[in-house]
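Quick notes on the structure that follows.
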Amino acid sequence: QKFFRLRYQKKAKEIINQNHKELFLLLENIIIKFKFDYKHSMTFWGDSLFLLNFYLKFKPKLTLEFGSGASTLVFCYGAKLLNKNFSNDYKIISIDENESYLDHIVKPAIPQDYRQYIDIQFSETDLKYYKNDLGIYYKNKPKEKIDLIYVDGPQFNKGVYDKSEYKYNEKNLMNIKTKPFDSDTIDILEQNNGLVVIIDQRISSVWKLIKYTRHRIINRKYFFSAKK
């Protein structure tokens, strides 16, 4: 599996460089700032190509992204292409729990001409039990009708920011022994029909969301190479 995924990631980087040079340069810049090792850095290229192709094919009017980063640039670039070729109605709302990271990494990476398509928001997180399962969610979520959700946050891996200059702590998360699942989608499903959700490599969140939204799921699919 590792061999095939790395091959896919290398090919994805090559395709983005050849066909989407503007996006390629933006991704290179932000990936360097993440300061990850080679293996982790390569995952962004596979993710980016998958998300771009999905976004351009699906053409969601309003995309809600939980967890900002390289994918934010992908969605903005996609919105720019769609708005140029179709209409001026494609927008993204991106939410993250790390305000310092947003201010120093994500927001400066967004080119001026992309900013008309994106609303980047900071939100604190909170915890809630769904029967016996602990969920983590963003306190502030939009009320608009959502067409596409990309779940890559909130982050709750202990120590995930320990080596980062943008380390932060939320008091309500400090003493949790059980890793919570990302539960925002459950609340949004109550307000939206025909919603498409992409979940990024969060196996526990996938199964918990299936468990609590099974009656609302029309179809689900696993994308092996991109781990989505």
Side-chain angles (χ1 to χ4, degrees), residues 1-2 5 40 43 47 50-51 54 58 60 62-69 71-72 92-102 120-164 166-228:
Q1 292 186 7
K2 293 179 180 179
R5 286 203 173 99
H40 196 161
T43 64
D47 290 352
F50 169 81
L51 291 173
F54 191 100
F58 181 54
L62 183 58
T63 298
L64 177 57
E65 177 185 44
F66 292 130
S68 309
S71 53
T72 310
I92 303 103
I93 298 173
S94 184
I95 302 176
D96 200 275
E97 72 277 13
N98 189 330
E99 191 169 21
S100 178
Y101 162 72
L102 284 178
I120 297 176
Q121 302 178 7
F122 161 74
S123 175
E124 293 181 343
T125 61
D126 208 344
L127 300 163
K128 176 181 177 181
Y129 271 98
Y130 295 81
K131 296 185 179 178
N132 296 321
D133 299 310
L134 183 63
I136 184 171
Y137 65 93
Y138 289 109
K139 290 182 178 180
N140 303 316
K141 290 190 285 289
K143 303 298 183 183
E144 298 97 321
K145 182 183 184 303
I146 308 299
D147 301 300
L148 172 66
I149 295 179
Y150 180 51
V151 181
D152 193 19
Q155 291 285 354
F156 191 77
N157 286 319
K158 290 187 176 181
V160 69
Y161 288 111
D162 282 355
K163 296 181 180 179
S164 170
Y166 307 109
K167 181 179 179 180
Y168 80 109
N169 288 305
E170 291 190 38
K171 292 180 180 179
N172 64 326
L173 305 181
M174 294 299 292
N175 298 314
I176 300 176
K177 297 180 180 180
T178 302
K179 181 180 178 180
F181 73 100
D182 296 306
S183 60
D184 288 282
T185 302
I186 295 175
D187 300 325
I188 294 177
L189 272 172
E190 295 178 358
Q191 308 167 22
N192 290 264
N193 292 318
L195 178 65
V196 174
V197 181
I198 302 174
I199 304 176
D200 180 66
Q201 303 184 36
R202 293 163 186 265
I203 303 302
S204 62
S205 291
V206 169
W207 291 113
K208 294 297 185 351
L209 291 175
I210 290 173
K211 177 180 177 180
Y212 291 109
T213 64
R214 189 181 302 275
H215 62 291
R216 301 289 301 275
I217 297 173
I218 297 173
N219 186 31
R220 66 178 188 258
K221 185 175 181 180
Y222 178 61
F223 297 90
F224 171 80
S225 295
K227 293 182 75 174
K228 301 284 184 288

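Owing to the predicted nature of the structure, the values given are computational and were not obtained by experimental measurement. Counting from 1, the numbers follow the sequence of the chain as shown. What you see below is based on every heavy atom in this structure, not just the backbone, and it leaves out hydrogens, waters and symmetry mates.
- Residues meeting the side chain to side chain contact (heavy atoms under 4.5 Å, CB included) test with Val206, sequence neighbours left out: Ile199, Ile210.
- Looking at heavy atoms from C-beta onward, Val196 lies out of side-chain contact with Pro60 at the 4.5 angstrom threshold.
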- request: Please step through side chain to side chain contact (heavy atoms under 4.5 Å, CB included) for the pair Thr185 and Thr213, ending with a clear verdict.
  value: CA-CA 9 Å; Thr185 302; Thr213 64; 5.8 Å; no

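- A 4.5 Å side-chain heavy-atom check between Ile186 and Leu209 finds at least one atom pair inside the cut-off.
- Residues meeting the side chain to side chain contact (heavy atoms under 4.5 Å, CB included) test with Asp133, sequence neighbours left out: Phe181, Lys208, Lys211, Tyr212.
- Under the side chain to side chain donor-acceptor pair (under 3.5 Å) criterion, Glu144 pairs with no residue, sequence neighbours left out.
- In this structure, the side chains of Leu64 and Pro142 come closer than 4.5 Å at one or more pairs of heavy atoms.
- Under the side chain to side chain donor-acceptor pair (under 3.5 Å) criterion, Ser68 pairs with Ser94, not counting sequence neighbours.
- When the ring-ring contact (aromatic ring centres under 6.0 Å, His included) test is applied to Tyr138, the partners found at least two apart in sequence or on another chain are Phe66.
- A 4.5 Å side-chain heavy-atom check between Ile92 and Thr72 finds every atom pair outside the cut-off.
- Partners of Ser204 under the side chain to side chain contact (heavy atoms under 4.5 Å, CB included) rule, at least two apart in sequence or in another chain, do not exist in this structure.
- Listed by chain and number, the residues in a side chain to side chain donor-acceptor pair (under 3.5 Å) with Ser71 are Glu65 (sequence neighbours excluded).
- Distance OH/Tyr137 to CD1/Ile95: 13.0 Å, rounded to 0.5 Å.
- Rounded to the nearest 0.5 angstrom, Asn140 CG and Ile93 CD1 are separated by 12.0 Å.
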Practice problem: Report the C-alpha separation of Asp184 and Val151 in whole Å, then their side-chain angles, then the decisive distance to 0.1 Å, and conclude whether the side chain to side chain contact (heavy atoms under 4.5 Å, CB included) test is met. | Solution: CA-CA 9 Å; Asp184 288 282; Val151 181; over 6 Å; no

